[in-house]
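Shown next, in structure tokens, is the structure this report addresses.
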Amino acid sequence: MKKVLVAGGGGFIGGHLIKRLKREGQWVRSVDLKHNEFSAEVADECVIGDLRDPAIARSVVEGIEDVYQLAADMGGAGYLFTGENDAAVMHNSAAINLNILDAGARAGVRKLFYSSSACVYPQRNQRDPNNPKCSEDSVYPADPDSEYGWEKLFSERLYFAYERNCGVEVRVARFHNIFGPEGTWTGGREKAPAAICRKVCAAADGDEIEVWGDGRQTRSFLYVDECVECVRRLMESSFSGPVNIGSETMVTIEELVRMVSDIAGKRVLIKYVPGPTGVRGRNSDNRLIREKLGWAPSDPLRTGLEVTYHWIAGAWAKASQGVVRTSV
Ligand code: NAD
């Protein structure tokens with residue numbers, strides 16, 4: 001039985017990955033600042049610890065063959081793109097990666113997976129919402145639009161430097177907007193699909209909801225199970241990356257809102273308001289992953305959105321009952 005570590009195992013993608021690894025029969029240690037808020041932990045060992053502390057990083061890699069590094073100071077546009085959290089995002093995530101790599105290489109870890117992001121791609125190629133360019137080789141000359149993207153790019157380079165110099169294998173993926181149930185859906189760190197599901201859920205038929213930007217920004221969204229499938233394929237392959245893991249189905253934010261309101265069976269009016277929106281257009285370019293891993297997403301966006309909407313509606317209903325109870 002392989003012994004693996006999932007760093008960030010209390011988070012959204014980490015939680016789904018642990019379930020998948022357990023179904024495969026692997027022995028899993030999870031480390032995170034917190035327990036998973038949304039589902040029972042299924043890891044064999046759950047460490048609550050701060051990976052900015054080198055001693056914690058050293059202790060959790062003991063006896064581990066493969067590491068999946070998903071821990072990051074993470075959020076949606078409202079957390080990452082306002083500029084207010086730049087120092088924390090860069091410091092915290094860089095410290096986690098420095099510690100995990102150093103500890104992993106010293107402890108003889110065989111392979112490390114690193115979750116980078118589409119935010120590494122240069123702004124100049126993402127100004128036209130209808131024609132963004134995000135092929136893996138377009139990343140240089142570097143010009144990410146956020147410090148989050150710069151940290152991811154630095155850390156990608158760090159992983160490859162450790163591979164060249166320190167005898168560990170690495171696998172690097174650039175995730176493009178992963179969504180699904182059991183992810184952050186409220187509190188300021190949620191990403192667009194979850195925020196839209198929550199707003200539509202809270203709205204009555206015919207109500208107005210606020211959406212940042214002008215609705216014409218484009219993105220693609222990948223369902224979390226498909227992401228996890230890809231991560232596992234990449235980890236088992238001989239290809240190091242970096243490689244995009246995303247969907248090539250690009251939609252405008254307005255189309256996303258329409259799809260969610262249709263799933264909810266509600267008519268909603270959209271009020272566009274100023275807010276942090278990131279680049280104008282972004283889409284995954286899946287040519288490399290098709291070639292190297294023979295992978296392409298299998299389900300349409302709507303299928304994953306239906307599951308996500310209903311999960312958020314359930315979470316929202318429970319939270320609303322909580323509010324009613326405490327105010328009585
Ligand atoms: P998430 O926030 O749900 O999970 C990250 C986890 O890291 C959290 O549970 C958090 O508590 C933990 N963490 C943060 N600081 C830590 C520390 N100092 N020590 C230990 N744990 C710490 O985010 P996610 O959506 O599951 O993302 C997982 C990874 O994928 C992140 O690295 C993120 O940057 C990357 N990514 C995600 C997306 C996406 O759309 N979700 C897109 C691009 C990249």
Side-chain angles (χ1 to χ4, degrees), residues 5-19 29-39 41 43 46-57 59-61 67-77 79-80 85 88-100 103 112-121 134 144 146-153 155-156 159 172-195 219-224 226-228 230-231 242-247 278 282 284 304 308:
L5 172 71
V6 178
F12 166 49
I13 303 171
H16 286 270
L17 177 63
I18 291 173
K19 286 182 195 157
R29 178 181 294 147
S30 163
V31 59
D32 202 298
L33 291 171
K34 60 174 178 64
H35 285 291
N36 193 305
E37 296 157 64
F38 306 119
S39 72
E41 310 257 12
C46 235
V47 179
I48 297 301
D50 188 338
L51 289 167
R52 291 171 299 182
D53 178 350
I56 296 287
S59 71
V60 292
V61 295
V67 172
Y68 294 85
Q69 202 314 75
L70 297 135
D73 194 352
M74 171 60 183
Y79 184 72
L80 296 178
N85 305 302
V89 166
M90 295 188 92
H91 173 92
N92 294 339
S93 295
I96 293 168
N97 287 310
L98 287 161
N99 289 340
I100 278 281
L112 289 112
F113 169 86
Y114 175 56
S115 50
S116 181
S117 163
C119 289
V120 295
Y121 288 113
C134 294
S146 64
E147 302 301 356
Y148 169 76
W150 278 105
E151 188 283 324
K152 288 288 187 192
L153 197 55
S155 289
E156 283 190 7
Y159 278 77
V172 175
R174 294 174 180 158
F175 293 162
H176 287 244
N177 287 310
I178 312 304
F179 75 100
E182 300 178 4
T184 305
W185 61 278
T186 188
R189 287 193 187 228
E190 63 279 15
K191 302 190 77 178
R219 291 293 186 275
S220 68
F221 301 93
L222 183 71
Y223 190 62
V224 63
E226 308 230 43
C227 168
V228 166
C230 245
V231 169
V243 66
N244 290 327
I245 293 186
S247 158
R282 178 173 288 153
S284 188
T308 309

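For ligands, and for the atoms within them, numbers begin at 1 and follow the listed sequence.
- Counting atoms of ligand 1 from 1 in the listed order, those under 4.0 Å from a heavy atom of Gly10 are 9 (O).
- Contact annotation for Phe179 and ligand 1: no heavy atom of the residue comes within less than 4.0 Å of the ligand.
- Each of the following atoms of ligand 1 lies closer than 4.0 Å to a heavy atom of Ile96: 15 (N), 16 (C), 17 (C), 18 (N).
- Side-chain contact between Asp73 and Asn85 is absent, with no heavy atoms from C-beta onward closer than 4.5 Å.
- Nearest heavy-atom pair across Ile178 and Phe12 is O-CE2, 3.6 Å.
- If you number the atoms of ligand 1 from 1 as listed, the ones under 4.0 Å from a heavy atom of Gly11 come out as 3 (O), 4 (O), 9 (O).
- Closest to atom 12 (C) of ligand 1 by heavy atom, among Ile100, Asp32, Asp53, Val231, is Asp32.
- Side chain to side chain, Glu151 and Asn97 meet the donor-acceptor criterion of an N or O pair below 3.5 Å.
- Atoms of ligand 1 found under 4.0 Å from any heavy atom of Ala71, numbered from 1 in the order shown, are 7 (O), 21 (N), 22 (C).
- Separating the NZ atom in Lys19 from the OG atom in Ser39 is a distance of 3.5 Å, to the nearest 0.5 Å.
- Counting heavy atoms under 4.0 Å from ligand 1, residue Asn92 does not touch it at all.
- Under a 4.0 Å criterion applied to the non-hydrogen atoms of Lys34, ligand 1 contributes the atoms 9 (O), 11 (O).
- Around atom 27 (O) of ligand 1, the closest heavy atom drawn from Ile245, Leu51, Ile13 belongs to Ile13.
- One finds the OG1 atom of Thr308 at 13.5 Å from the CH2 atom of Trp185 (value rounded to the nearest 0.5 Å).
- In the candidate list Leu33, Val60, Leu70, Leu70 is nearest to atom 28 (C) of ligand 1, counting heavy atoms.
- Taking only non-hydrogen atoms, the option from Glu37, Lys152, Arg174 nearest to atom 32 (O) of ligand 1 is Lys152.
- Checked against a 3.5 angstrom limit, the closest N/O atoms of Ser117 and ligand 1 fall outside it.
- The nearest pair of heavy atoms linking Ser220 to Ser284 is OG-N, 3.6 Å.
- Ranking the protein heavy atoms by distance from atom 39 (C) of ligand 1 puts Lys191 NZ, 3.3 Å first.
- Note: Leu51 CG to Asn92 CG = 11.0 Å, rounded to the nearest 0.5 Å.
- Close approach of ligand 1 to Asn177 (heavy-atom distance below 4.0 Å) involves ligand atoms 40 (O).
- The shortest side-chain heavy-atom distance between Lys191 and Arg219 does not fall under the 4.5 Å cut-off.
- Atoms of ligand 1 lying under 4.0 Å from any heavy atom of Gly49, numbered from 1 in the order shown and given with element: 19 (N), 20 (C).
- Counting only non-hydrogen atoms, the option in Tyr79, Tyr114, Phe175 that gets closest to atom 36 (N) of ligand 1 is Phe175.
- Taking 4.0 Å as the cut-off, Ser116 counts as a neighbour of ligand 1 on heavy-atom distance.
- Taking the six-membered ring where tryptophan is involved, the planes of Phe113 and Tyr68 are tilted, since the angle between them lies from 30° to 60°.
- One option in Phe38, Phe12, Tyr68, Tyr148 has a heavy atom closer to atom 33 (C) of ligand 1 than any other, and that option is Tyr148.
- Rounded to the nearest 0.5 Å, atoms CE (Met74) and CD1 (Ile13) are 6.5 Å apart.
- Note that OG of Ser117 is 6.5 Å distant from NZ of Lys152, once rounded to the nearest 0.5 Å.
- Nearest protein neighbour of atom 14 (C) of ligand 1, counting heavy atoms only, is Ala72 O, 3.2 Å.
- For His16 (side chain) and Pro181 (main-chain N/O), a donor-acceptor pair under 3.5 Å exists by modelled atom type.
- Under the 4.0 angstrom criterion for non-hydrogen atoms, Val31 is not in contact with ligand 1.
- At a heavy-atom cutoff of 4.0 Å, ligand 1 is contacted by no atom of Gln69, backbone or side chain.
- In His176, neither the side chain nor the backbone holds a heavy atom less than 4.0 Å from any atom of ligand 1.
- Between the choices Ile178, Asn97, Asp50, the shortest heavy-atom distance to atom 18 (N) of ligand 1 belongs to Asp50.
- Here the side chains of Cys46 and Ser30 are in contact, with some heavy-atom distance below 4.5 Å.
- In this pair, Tyr159 and Tyr114 present their aromatic rings parallel. The plane angle is below 30°, not in the 30 to 60° band.
- Considering only non-hydrogen atoms, atom 2 (O) of ligand 1 lies nearest to Met74 out of His35, Arg52, His16, Met74.
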